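The next block holds one structure in the form of structure tokens; read it before the comments.
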Amino acid sequence: ALQYPSLEMVIGLELDQKVTRASFKHFGTQPHWDNDKVQWWFGDGAKSLLMLPQEYFGTFDMVLVDLSETVMSGKVTKGLDILGALSLLLKEDGIFVKNELYLDQMSEIFKHSLQIHYYDVSVICSQCLILGSNSIDFVHTTPTDHGVKTRVTGLEDINDHYKVMHSYTKNPQAKMVCTEDDNREEEEADPEEQESSPGILLVLEAENALGELDSPDKIESAIVPALEKVGLTVLSTLPFSGAAGSVVVTAMLQEGYVVVRTLPNKKYCAFDVHFWSAFSKLEDTKIALLNAVQSDPDESSSFRIVAGGLFGVKSWKEDEKSRGPQKLKQHCGNKSDEISFKPTASVNDNQEAVNVILDESLSLIPKNGAVAMILCGLESEPCDSVNKVSKHEFIEEAIPIWSCVGSASSPEQLTSSNSKFDCENRLYAMLDERAETGASKERISVIVVDPNAPKALGQVLLKIVAKDKKVPWHEVEVIRKRFMHRNNANSRIFDEDLLVLSPVLSPVAKTEEWRKIFAEKFRSLILKEPGFLSSILYNNSESGGGLEMTTFRSGDEWYIAHMNNVASNVEKRTGWQSDLRTIEGGLPTFQDNFVSDQIFSAAAYDTTDTYKQWLSQQPWGHQTIIQMEFPSTSKPVSTKMIRDMLEKAISS
């Protein structure tokens, strides 16, 4: 992140320092405690979020999360979980990133959610990331090349991002965490009594300090005015001269305490700054202390530990309002872009636009010379899709499948089990005959559902091509024993690279929802990647009518880019507005005995600066920070008890 010149601040929340120190030792990744743009907060994630300054929320361009399922299920407050609290850190046009499968959870919070999935990842085979945003449409937004070099291969071109897109959801009604939430039952009233005693410990080191570090009195006279200048109340000080010229000064504050340790001969000064109130003054205190010992901020390093505090703090109410996630109105976003559809009487009302949508969608055909199957109504009824499909330049043969179980306009004929059975036999016989002569014919690679096609016809076809768990779907025509499995590739009826187009008027009537489900079934039959199921709403802004095109396409890794072109062309030709709602990718490909094509050795990374820093380290002491919590049933804690415990621990 620090490679981006426009970067202003990075905050890292981590349980403890084991991860950052081990990464530095073994991988050469520097935690950059010495960089003024970097803040590390160590401690329980939920507690750390409660201690972040309130002004941080709603300001971040990106939030990157790598937390376990256990942690993600935790609560920050009564009505706010970890995911919700982290989302509040984002700006309106910020991006939230979470590894692993969190698309469903993210789509409940963010208007736009995208799953990317990429292969050939060393050791773990593949990896997926979920991106969420309330303003950025990931599918239609052109990425910006910031000129930062990365080790990611396969994405060298700016448009290669389409190759790793797997699934997408647009949810204009996403339940964003804000003050306009309809469900206010979980809103928490301000407590009347202090219920918690949080604190923050800032560990600060200053090198090349030019101030007078060899005298306790001079240290005291330097830091006390500095602390008072930032608005802190100094109650008492305890100066102490240690061995080898070292100095220790402890300043007790109304807001906490500060311990200063100096090594004059090393020009080194260490600070432990523990606050249990006035948390907003912590950063100013850090700068003031560095100035007091005349140390340049570039010569310092620091990190924070979320610790305990004290009960009975007078300013606890003000402190709570200045820290932690706040449900602000600005986080509610703008839901005004939700498309509203007026009912359309029939396809004929917008037949010309419907034909354009079908024509452009047919450009997704897997190959030239394709064979298309069109599900129609009764042979006595018009089936405009046949004419449109047969005239398309990519189509060599269009096969109309006339309904033998009634039509969409005659629902009373659809409930007869005998007619369904007879229709199934007739359709199977036709497909069976085609398969017998399949060696000399192209397999069917396009299926189009005409608006007049009845639900029962779709049910019949799906039953015939139902998946057998033991045999690839495209080698099976029927699961029932009375029909044979076709293991010969030449006898397959459907091509492995398949396009299914199922348009339906919008808003979708309940009786017409089967058209969307029909296309979805093919995704569940094929499963494998690349395979995409998408839903695009096309809206006529003048009449208010619309059409939803549900599309399934297998075998095209560039499908999302091609689909974008289709929607763009439809808008240009019709003047209608397109609105992509969902994309669902196939199941990740299982890689048996996986061996990565790319192995990054240590030599692939420039660790010059890391090695230089490693050699320059001179440990002058070891500090262990222990936080103990007393059970509510224990005796009251007293000064004598603490003193006795410390003396016993030190003497042993």
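None of the values given here were measured: they were computed from a predicted structure.
When atom types are taken as modelled, the side chain of Ser87 and the backbone of Gly84 share a donor-acceptor pair closer than 3.5 angstrom. For Ser113 (side chain) and Leu103 (main-chain N/O), no donor-acceptor pair under 3.5 Å exists by modelled atom type. Checking side-chain atoms of His392 against main-chain N and O of Phe394 turns up a donor-acceptor pair under 3.5 Å. Under a 3.5 Å cut-off, the side chain of Arg581 and the backbone N or O of Leu537 do not form any donor-acceptor pair. Listed for the Thr141 side chain is no donor-acceptor partner under 3.5 Å among the backbone atoms of Phe138. Glu571 places a side-chain N or O within 3.5 Å of a backbone atom of Ser578 that can act as its donor or acceptor partner. Checked by atom type and distance alone, the side chain of Arg523 never pairs as donor or acceptor with a backbone atom of Gly586 at under 3.5 Å. The closest donor-acceptor contact from the side chain of Asp495 to the backbone of Leu498 lies at 3.5 Å or more, if one exists at all. Between the side chain of Ser554 and the main chain of Glu496, a donor-acceptor pair closer than 3.5 Å is present. Although no hydrogens or angles enter the test, the distance criterion places a donor-acceptor pair under 3.5 Å between the side chain of Asn171 and the main chain of Ser107.
Using a 4.5 Å heavy-atom threshold, the side chains of Leu80 and Lys75 count as separate. In this structure the side chain of Val354 never reaches within 4.5 angstrom of the side chain of Val356, judged on heavy atoms. In this structure, Leu461 and Met373 have side chains that are in contact, with non-hydrogen atoms separated by less than 4.5 Å. The shortest side-chain heavy-atom distance between Val63 and Val97 does not fall under the 4.5 Å cut-off. Residues Glu520 and Phe552 have side chains not in contact (no heavy-atom distance under 4.5 Å, counting atoms from C-beta outward). Counting heavy atoms from C-beta on, the side chains of Asp579 and Ile536 never come closer than 4.5 Å. The shortest side-chain heavy-atom distance between Asp81 and Ser73 does not fall under the 4.5 Å cut-off. Between Ile95 and Asp61 the shortest side-chain heavy-atom distance does not fall below 4.5 Å.
For the atom pair Ile583 CD1 and Thr551 OG1, the distance stands at 10.5 Å (nearest 0.5 Å). Remark: Leu88 CG to Phe60 CZ distance equals 12.5 Å, nearest 0.5 Å. Expressed to the nearest 0.5 Å, how far CD1 of Ile130 lies from CG of Asn99 amounts to 9.0 Å. Between the NZ atom in Lys98 and the CG atom in Leu83 there is a gap of 9.0 Å [rounded to 0.5 Å]. In this structure, Ile365 CD1 and Leu362 CG are separated by 4.5 Å, a value rounded to the nearest 0.5 Å. We find the CD-CG distance between Glu360 and Asn569 to be 4.5 Å, quoted to the nearest 0.5 Å.
With Trp402 as the partner, the side-chain contact (heavy atoms from CB on, under 4.5 Å) test is satisfied by one option alone out of Cys423, Ser380, Cys383: Cys383.
A pairwise comparison of heavy atoms in Leu378 and Ser403 identifies CD2-O, 3.7 Å as the closest pair. Between Leu101 and Cys128, the shortest heavy-atom distance links the atoms CD2-SG, 3.6 Å. Heavy-atom minimum distance, Phe522 versus Leu462: CE1-CD2, 3.8 Å. Ile374 and Ala398 make their closest contact through CD1-CB, 3.8 Å (heavy atoms, listed as atom of the first residue, atom of the second, distance). Residues Ile136 and Asp93 share a closest heavy-atom pair of CD1-O, 3.3 Å. The two residues Ala519 and Thr550 have their closest heavy-atom pair at CB-CG2, 3.6 Å.
For the pair Lys521 and Phe518, the NZ or CZ position fails the cation-pi test of under 6.0 Å to the six-membered ring centre and within 45 degrees of the ring normal.
No hydrogens or angles considered: a donor-acceptor pair under 3.5 Å links the side chains of Asn564 and Tyr162. Of the N and O atoms on the side chains of Asp450 and Ser385, at least one donor lies less than 3.5 Å from an acceptor on the other residue. Checking Glu529 against His166 by side-chain atom types alone, a donor-acceptor pair falls below 3.5 Å. Residues Ser506 and Glu548 bring no donor and acceptor atom of their side chains to less than 3.5 Å of each other. Side-chain atoms of Asn134 and His112 include no donor-acceptor pair closer than 3.5 Å. A donor-acceptor contact closer than 3.5 angstrom links the side chains of Tyr559 and Ser534.
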Residue pair Lys516, Ser502: steps toward the side chain to side chain contact (heavy atoms under 4.5 Å, CB included) verdict
CA-CA 7 Å; Lys516 299 171 61 176; Ser502 186; over 6 Å; no
Please walk me through it: do Gln115 and Leu131 pass side chain to side chain contact (heavy atoms under 4.5 Å, CB included)?
CA-CA 6 Å; Gln115 176 181 329; Leu131 282 65; over 6 Å; no
Test side chain to side chain contact (heavy atoms under 4.5 Å, CB included) applied to Phe532 and Glu584, step by step:
CA-CA 5 Å; Phe532 296 94; Glu584 295 181 65; over 6 Å; no
Would Val65 and Met72 satisfy side chain to side chain contact (heavy atoms under 4.5 Å, CB included), going step by step from the backbone distance to the final call?
CA-CA 10 Å; Val65 181; Met72 289 297 290; 4.1 Å; yes
Begin from the C-alpha positions of Lys170 and Asp137 and carry the test salt bridge (charged side-chain N to carboxylate O under 4.0 Å, His left out) through to its verdict.
CA-CA 8 Å; Lys170 179 180 178 181; Asp137 182 345; 5.8 Å; no
Between Arg515 and Glu512, is a salt bridge (charged side-chain N to carboxylate O under 4.0 Å, His left out) present by the stated rule, with each step listed?
CA-CA 6 Å; Arg515 298 179 184 276; Glu512 296 295 287; 2.5 Å; yes
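Within the structure, the ring pair (Phe, Tyr, Trp, His ring centres under 6.0 Å) test picks out no pair touching residues 560-585 (sequence neighbours left out).
Sparse packing is recorded around CZ of Arg426, with 12 or fewer heavy atoms of other residues, nucleotides or ligands lying under 6.0 Å away.
Aromatic pair His117/Tyr119: ring centres closer than 6.0 Å. Ring centroids of Phe96 and Phe110 are separated by less than 6.0 Å, placing the two rings close together.
With salt bridges taken as basic N to acidic carboxylate O contacts below 4.0 Å, none links Asp359 and Lys391.
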